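Worksheet: the structure to be examined is printed underneath.
Excluded from the calculations below are hydrogen atoms, water molecules and symmetry mates; all remaining heavy atoms, backbone and side chain alike, are included. What you see is a predicted model, and the numbers here were worked out from it, not measured in a lab.
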Amino acid sequence: MVIDSHQHFWIFDEERDSWITPEMEIIRRNFLPEDLWPVLKANKVDGCVAVQASQTDSETEFLLHLAEANDFVRGVVGWVDLRTVNLYDQLERYSQFEKLKGFRHVAQGQPEGFLLQPEFIKGVGQLVAFDFTYDILIYQNQLKEAYNFAVRLPNVHFVLDHIAKPLIKAQELQPWAEDIRRLAELPNVHCKVSGMVTEANWQHWGKADFRPYLDVVFEAFGTERIMYGSDWPVCLVAGEYEGAKGILTDYLSMFSDDEVRDVMGNNARRFYNLDI
């Protein structure tokens with residue numbers, strides 16, 4: 001079973017979704033399950049995990065509603081204010097929703113030290129009580145801080161989104177590679193091979209551009225802690241779903257069938273405890 005561990009839905013709102021700039025015109029519209037399911041079927045993907053794109057409680061409710069109405073949406077990574085004083089009560093309420101698997105805060109671009117705020121660390125630590133996971137969304141220059149964050153929370157199941165957005169367009173490996181290897185030393189941290197095409201030259205990328213980064217990630221995390229994600233529909237600014245997926249499937253041609261099955265589905269199923 002192939003699982004896309006990272007995609008988004010939204011009803012486009014120009015003010016709320018200001019991160020979708022005019023140069024990303026192709027995704028300045030609504031994207032809902034009826035748009036994704038034909039794409040998944042065409043690419044032989046059996047299910048997906050919907051990840052928050054805006055930071056409101058209503059976003060989590062929106063995704064849960066879509067997941068309940070669409071069986072192929074196997075899990076949801078929502079948003080909650082992890083620094084709020086009544087977080088435990090909110091998590092207890094959210095634990096009633098079987099498809100809610102974890103949470104994410106958009107930490108990319110936040111001021112230095114954001115992840116290390118005591119109240120943020122305390123909040124993320126409370127996820128353990130309800131078997132919720134946490135997606136780490138950062139830029140590559142925040143990797144050292146992410147290590148210091150994750151090392152303080154050894155019981156939380158973390159996954160790094162988009163391989164921490166290295167500078168693929170500039171073909172720069174360092175210090176990203178060194179910092180990725182250090183983060184991967186923590187056994188509770190997994191990694192999503194996702195969101196790579198949007199870090200490359202949108203109009204002129206080739207599969208060879210990504211191989212040095214994939215080499216580092218696979219060496220660091222191993223096939224047992226890596227999962228496939230499309231980052232649909234954001235990936236569409238740089239190419240079709242099939243092309244973005246093909247970067248990883250081509251790379252995996254050198255691996256065993258069991259390793260391929262782990263990366264393309266089993267790891268996501270286990271990490272998010274998907275009901276499959």
Side-chain angles (χ1 to χ4, degrees), residues 5-10 16-19 49-67 73 75-165 183 186-192 194-195 227 229 231 234 268 271-274:
S5 71
H6 198 105
Q7 52 76 214
H8 306 287
F9 297 120
W10 60 67
R16 183 198 63 195
D17 303 321
S18 59
W19 63 273
V49 176
V51 179
Q52 62 85 219
S54 66
Q55 309 210 97
T56 61
D57 293 321
S58 61
E59 171 80 345
T60 304
E61 305 291 341
F62 168 69
L63 294 178
L64 286 172
H65 173 75
L66 295 181
V73 183
V76 166
V77 175
W79 183 88
V80 68
D81 185 354
L82 291 160
R83 295 170 288 180
T84 190
V85 292
N86 68 335
L87 175 63
Y88 189 91
D89 293 339
Q90 292 191 50
L91 295 178
E92 190 170 42
R93 180 178 71 84
Y94 277 133
S95 68
Q96 303 172 56
F97 297 92
E98 187 177 343
K99 285 193 173 182
L100 185 56
K101 302 302 181 179
F103 294 92
R104 182 177 83 158
H105 188 95
V106 179
Q108 66 179 32
Q110 288 290 332
E112 184 178 351
F114 175 85
L115 293 174
L116 303 179
Q117 297 173 92
E119 62 270 27
F120 193 75
I121 291 175
K122 179 182 177 182
V124 174
Q126 292 186 62
L127 299 180
V128 176
F130 302 97
D131 293 323
F132 286 133
T133 62
Y134 182 80
D135 273 54
I136 302 174
L137 177 62
I138 55 171
Y139 290 131
Q140 56 96 25
N141 66 314
Q142 296 171 286
L143 275 165
K144 289 183 175 66
E145 183 173 315
Y147 174 88
N148 291 328
F149 166 63
V151 79
R152 287 166 166 78
L153 295 161
N155 295 320
V156 177
H157 294 293
F158 291 108
V159 61
L160 178 68
D161 292 346
H162 312 329
I163 66 172
K165 299 192 170 185
L183 183 63
L186 303 177
N188 60 319
V189 180
H190 291 61
C191 184
K192 289 182 182 179
S194 58
M227 59 189 83
D231 199 25
V234 183
F271 181 83
Y272 286 120
N273 192 25
L274 303 180

- Query: Leu127 and Leu82: side-chain contact (heavy atoms from CB on, under 4.5 Å), yes or no, with the steps?
  - Reply: CA-CA 9 Å; Leu127 299 180; Leu82 291 160; 4.1 Å; yes
- Item | Step-by-step side-chain contact (heavy atoms from CB on, under 4.5 Å) determination, Val76 to Phe9 | CA-CA 11 Å; Val76 166; Phe9 297 120; over 6 Å; no
- Message: Run the side-chain contact (heavy atoms from CB on, under 4.5 Å) test on Gln126 and Lys122 for me, step by step, so that the C-alpha distance in whole Å, both residues' side-chain angles and the decisive distance to 0.1 Å come before the verdict.
- Response: CA-CA 7 Å; Gln126 292 186 62; Lys122 179 182 177 182; 4.2 Å; yes
- Please report the C-alpha distance between Val124 and Phe158 in whole Å, then the side-chain angles of each, then the deciding distance to 0.1 Å, and finally whether the side-chain contact (heavy atoms from CB on, under 4.5 Å) criterion is met. CA-CA 10 Å; Val124 174; Phe158 291 108; 4.0 Å; yes
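Residue Ala107 comes nearest to Leu115 through the heavy atom pair CB-CD2, 3.9 Å, listed as atom of the first residue, atom of the second, then distance. Closest heavy-atom contact between Asn188 and Ala150: ND2-O, 4.0 Å. Heavy atoms only, all atoms of each residue included: Ser5 and Met227 are closest at OG-CG, 3.5 Å. Minimum interatomic distance between Lys99 and Leu64 (heavy atoms only, all atoms of both residues): C-CD2, 4.4 Å. In this structure, Leu153 and Gly125 approach most closely via the heavy-atom pair CD2-CA, 3.7 Å. Counting all heavy atoms, side chain and backbone alike, Gly102 lies closest to Phe132 at N-CD2, 3.9 Å.
The closest side-chain heavy-atom distance from Asn273 to Asp131 is not below 4.5 Å. Side-chain contact between Thr60 and Phe97 is absent, with no heavy-atom pair separated by less than 4.5 Å. Using a 4.5 Å heavy-atom threshold, the side chains of Tyr272 and Val77 count as touching. In this structure, the side chains of Leu137 and Lys165 come closer than 4.5 Å at one or more pairs of heavy atoms. Proximity of Gln52 to Val106: side-chain heavy atoms (C-beta onward) are separated by under 4.5 Å at one or more points. Side-chain contact between Asp231 and Asp161 is absent, with no heavy-atom pair separated by less than 4.5 Å. With contacts defined as side-chain heavy-atom distances shorter than 4.5 Å, the pair Lys192/Asp135 qualifies. With a 4.5 Å cut-off on side-chain heavy atoms, Phe62 and Glu59 count as touching.
In this pair, His8 and His6 present their aromatic rings perpendicular. The plane angle is above 60°, beyond the 30 to 60° band. Aromatic ring orientation, His190 versus Phe271: tilted (interplanar angle from 30° to 60°). Using cut-offs of 30° and 60° for the angle between ring planes, the His105 and Trp79 rings count as tilted.
Between the side chain of Arg93 and the main chain of Asp89, no donor-acceptor pair closer than 3.5 Å is present. A donor-acceptor contact shorter than 3.5 Å is absent between the side chain of Gln108 and the backbone of Tyr139.
In Glu98, the CD atom is not crowded: 12 or fewer heavy atoms of neighbouring residues, nucleotides or ligands sit closer than 6.0 Å.
With values rounded to the nearest 0.5 angstrom, Arg16 atom CZ is found 12.0 Å from Gln55 atom CD. To the nearest 0.5 angstrom, Tyr147 atom OH is 12.5 Å from Ile136 atom CD1. How far OG of Ser95 is from CD of Gln90: 12.0 Å, rounded to the nearest 0.5 Å. Ile138 contributes atom CD1, which lies 5.5 Å from atom CG of Leu160 (distance to the nearest 0.5 angstrom).
No close placement of the Phe149 and Phe114 rings is indicated, their centers lying 6.0 Å or farther apart.
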